[in-house]
Amino acid sequence: MSCSVEEPTMTIAEKRAKDRAVHVGFCCKCKHAKSTITVRYAEYCETALRNARPYRVITPENVMLAFSGGPSSRALIHLFDVFHSLPPEVATNKKQPKIYNDIHVCHIDESCLLEPAQDREQQDITSSSGSTMEQARSIAAGYGYSFHGVAIEDIYDPEWTDSRCFEAVVTLITSLPKDQLTTSGQAPELLSRIIPTPASSTSEEDAPKLSRQEKINKLKALLGACTTLTAKETVLQHFRSSLLIQLAKRGQCTILALGDSATRVAIQIIELTSIGRGYSLPHETSLLSNWVQDCKVIRPLKDCLVKELDSFCGLNGLELIERHNAQLDWTIKTKADIKSIRRLTDDFITGLDKEFPSTVATVCRTAAKLTPPEATYDQKCPLCLGPVQAGVQEWKRRITVTTAPGEVDTTITANTSNNTETETKDSPDGCCSSDAGGCCTSSQRPPCTSHQTTITTTTTTTTSPSTSTPFSSLLCYGCLTNLRDLDLKFMASQEDSSDELMSSTSFELPPYVAETIVHRMGFASLDEFEHRSVAAAPATAVDPQESLRTQIQEFLIPSDDEDE
């Protein structure tokens, strides 16, 4: 016979919380102190969250801490100080060396992209009052760490490259003329033009070639060419990663520590998978990544939730940068109901984690099973500097549907018919001769179709400072997919490109992109690229129709004027 008294129904989360704690209201870790913080439906005391234990290392190294100003990176700096400051009884022990030789802190100032406050809308964005650099410098000075700071717009400086002096930028052009960009159903191939930076006109050798305002304008022009918020955030993240790598190498640090929490890593895993960056996912989310040459990238806080780190900063009174989460200026230009993939993923993960506390841990553990791809650092992507999978361009072309079949057939037929009428207007069957027996295929020469293919290939692949070089074939799948959101009206077509037009291009890619392209093409430096390109370029431009006429001259019937 059952008892008539009904027991209260508990949710799954309440049952888990009851099982974790010895007594409700007490810390589930120390078992005797009263709890003050609830995380994942588990109760902790302040002492449990403040305690941290150092770990033993074999060879001390220099480490660079990336500091954005948020709670995660702020907790990272404080925890590194706790680990590095060993107790006196341990510090005198020769068997326990120092964990790190030197600790450096780096910060990227993005104040030029932040939305100005209401009371200073008319204030110049280049003023130092809105900069986050000094506040980050003061926080690093409080620990006695060396500080390295750089502005996000400095990505356009030639010094922020591997050679530290690569004075060239990249402009993009399309393979289709402008009148076919809207009618063609296929996505045009992207070609690049490497344009050397003009020499400085000032007499001072150390004078910058570009002012800060000019660099800001170039950065905003590039972000303005991105039609989606996801593309803008992705391009900006690539620039951050490139600057962080250069800061770590210049500080002679063999370790770059990022303050990515478990919540951030889980969001990044879903986000990167959604935008086609699954190939480089192990490098971008793992606890330790050896992809960057001469520098290891670690994420020590990968097992900590963002709420735990936020509580940790509050309990220890750690100062945060006030504008670390300020809204970027170019995000307000989009509609309020439009969000990027990153923001949608953030809402999804944080909302799901409220009812299912193991969501973040499950996503992170699942992605941790992925193994890094077998790729060489020399074949890195020019834009994101990540690994490149072979054959991604052809694979993307096979799986992508860009237009209806009828529209494709109509466009291809129209373009083909126009080219055929121009090249073979004197031959009804498309051959170089109207006589059935006089076709060039009957001679020892290759057929006329082969001549046309050879001419087209030679004209396209000849490289020089004023011609185009491959770009789409050098990108990884994620960057190739992301660049489809570029506004094509900002790019000149291959037929319309000229020195005057390219000098006034609306956006340019930074010098590190140009340097990677030159190295991927087999050139050691910009001077070698220019020298070989000029030597390989023809002295004068050859009209393909005139070249074809010269080859088939012996098969043409002379006119009356030519006989006289």
Strictly distance-based, threshold 3.5 Å: is any side-chain N or O of [X] a donor or acceptor partner for the main-chain N or O of [Y]?
X: Asn217; Y: Gln213; value: yes
X: Thr227; Y: Asp485; value: yes
X: Ser358; Y: Ala361; value: no
X: Ser192; Y: Thr171; value: no
X: Glu308; Y: Leu305; value: yes

Output the distance between atom [atom1] ([X]) and atom [atom2] ([Y]), rounded to the nearest 0.5 Å.
X: Leu172; Y: Leu222; atom1: CG; atom2: CG; answer: 8.5 Å
X: Ile298; Y: Asp260; atom1: CD1; atom2: CG; answer: 11.5 Å
X: Ser73; Y: Leu309; atom1: OG; atom2: CG; answer: 9.5 Å
X: Phe312; Y: Leu79; atom1: CZ; atom2: CG; answer: 4.0 Å
X: Arg299; Y: Ser286; atom1: CZ; atom2: OG; answer: 5.5 Å
X: Ser289; Y: His283; atom1: OG; atom2: NE2; answer: 5.5 Å

With side chains defined as the heavy atoms from C-beta onward, is the minimum distance between [X] and [Y] less than 4.5 Å?
X: Leu76; Y: Leu301; answer: yes
X: Trp160; Y: Tyr512; answer: no
X: Leu229; Y: Arg343; answer: yes
X: Phe67; Y: Ile108; answer: no
X: Thr273; Y: Leu281; answer: yes
X: Ser242; Y: Ile155; answer: yes
X: Phe147; Y: His107; answer: yes
X: Asp353; Y: Thr263; answer: no

Worksheet item: Step by step, would you call Arg520 with Val388 a side-chain contact (heavy atoms from CB on, under 4.5 Å)?
Response: CA-CA 12 Å; Arg520 286 283 302 273; Val388 178; 4.1 Å; yes
Discussion item. Test side chain to side chain donor-acceptor pair (under 3.5 Å) on Thr254 and Glu61; report intermediate values, then the result.
Written reply: CA-CA 7 Å; Thr254 56; Glu61 300 177 78; 2.6 Å; yes
Worksheet entry | Qualifying salt bridge (Lys or Arg N to Asp or Glu O under 4.0 Å) pairs with a residue from residues 144-154, counting only residues at least two apart or across chains |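 Residue pairs passing salt bridge (Lys or Arg N to Asp or Glu O under 4.0 Å), neighbours aside: Glu153-Arg212, Asp154-Lys215.
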Can you name the closest pair of heavy atoms from [X] and [Y] and give their distance?
X: Leu318; Y: Ala75; result: CD1-CA, 4.3 Å
X: Lys302; Y: Val265; result: CE-CG1, 3.9 Å
X: Met64; Y: Ala248; result: CE-CA, 4.0 Å
X: Trp291; Y: Thr376; result: CH2-O, 3.4 Å
X: Val518; Y: Ser525; result: CG1-O, 3.7 Å
X: Arg277; Y: Cys384; result: NH2-SG, 2.9 Å

Worksheet entry | side chain to side chain contact (heavy atoms under 4.5 Å, CB included) partners for Glu319, two or more places apart |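 Testing Glu319 for side chain to side chain contact (heavy atoms under 4.5 Å, CB included), a comparison that skips the adjacent residues, returns Gln135, Ile139.
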Worksheet entry | Cationic N near anionic O, under 4.0 Å, Lys218 to Asp157 |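 No, this pair does not count.
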Worksheet entry | side chain to side chain contact (heavy atoms under 4.5 Å, CB included), paired with Ile245, selected from Asp162, Asp294, Val292 |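 Single pass found, and it is Val292.
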Practice prompt. Apply side-chain contact (heavy atoms from CB on, under 4.5 Å) to the pair Val169 and Leu509, showing each step before the final yes or no.
Written response: CA-CA 6 Å; Val169 294; Leu509 296 177; over 6 Å; no
Practice prompt. Kindly assign one of parallel, tilted or perpendicular to the pair Phe166 and His519, based on the angle between their ring planes and the thresholds 30° and 60°.
Written response: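 Phe166 and His519: perpendicular rings.
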Fill in: side chain to side chain donor-acceptor pair (under 3.5 Å) evaluation trace for Ser340 with Glu233
CA-CA 8 Å; Ser340 63; Glu233 292 180 347; 2.8 Å; yes
Discussion item. What I want to check is whether the side chains of Asp109 and Thr132 have a donor and an acceptor closer together than 3.5 Å.
Written reply: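 On atom types as modelled, these side chains qualify, holding a pair under 3.5 Å.
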Worksheet item: Is there a donor-acceptor contact under 3.5 Å linking the side chains of Glu271 and Thr345?
Response: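 There is no such pair between these side chains.
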Practice prompt. Test Ser241 against Leu385 for side-chain contact (heavy atoms from CB on, under 4.5 Å), laying out the working first.
Written response: CA-CA 9 Å; Ser241 301; Leu385 303 180; over 6 Å; no
Worksheet entry | Residue pairs, two or more places apart or on separate chains, that pass ring-ring contact (aromatic ring centres under 6.0 Å, His included) and touch residues 221-270 |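 Matches after skipping sequence neighbours: none remain.
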Item to complete: Answer yes or no: are there more than 12 heavy-atom neighbours, outside Tyr377 itself, under 6.0 Å from its atom OH?
Response: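 Atom OH in Tyr377 is crowded, with more than 12 foreign heavy atoms closer than 6.0 Å.
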Worksheet item: Can you tell me if CD on Gln252 sees more than 12 non-hydrogen neighbours from other groups inside 6.0 Å?
Response: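 No, CD of Gln252 has 12 or fewer neighbouring heavy atoms, counting only those of other groups under 6.0 Å.
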Worksheet item: Taking the six-membered ring for Trp, are Phe80 and Tyr100 ring centroids under 6.0 Å apart?
Response: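 Yes, ring centres under 6.0 Å apart.
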Item to complete: Check the pair Asn482 / Val235 against side-chain contact (heavy atoms from CB on, under 4.5 Å), numbers first and verdict last.
Response: CA-CA 9 Å; Asn482 187 56; Val235 170; 3.8 Å; yes
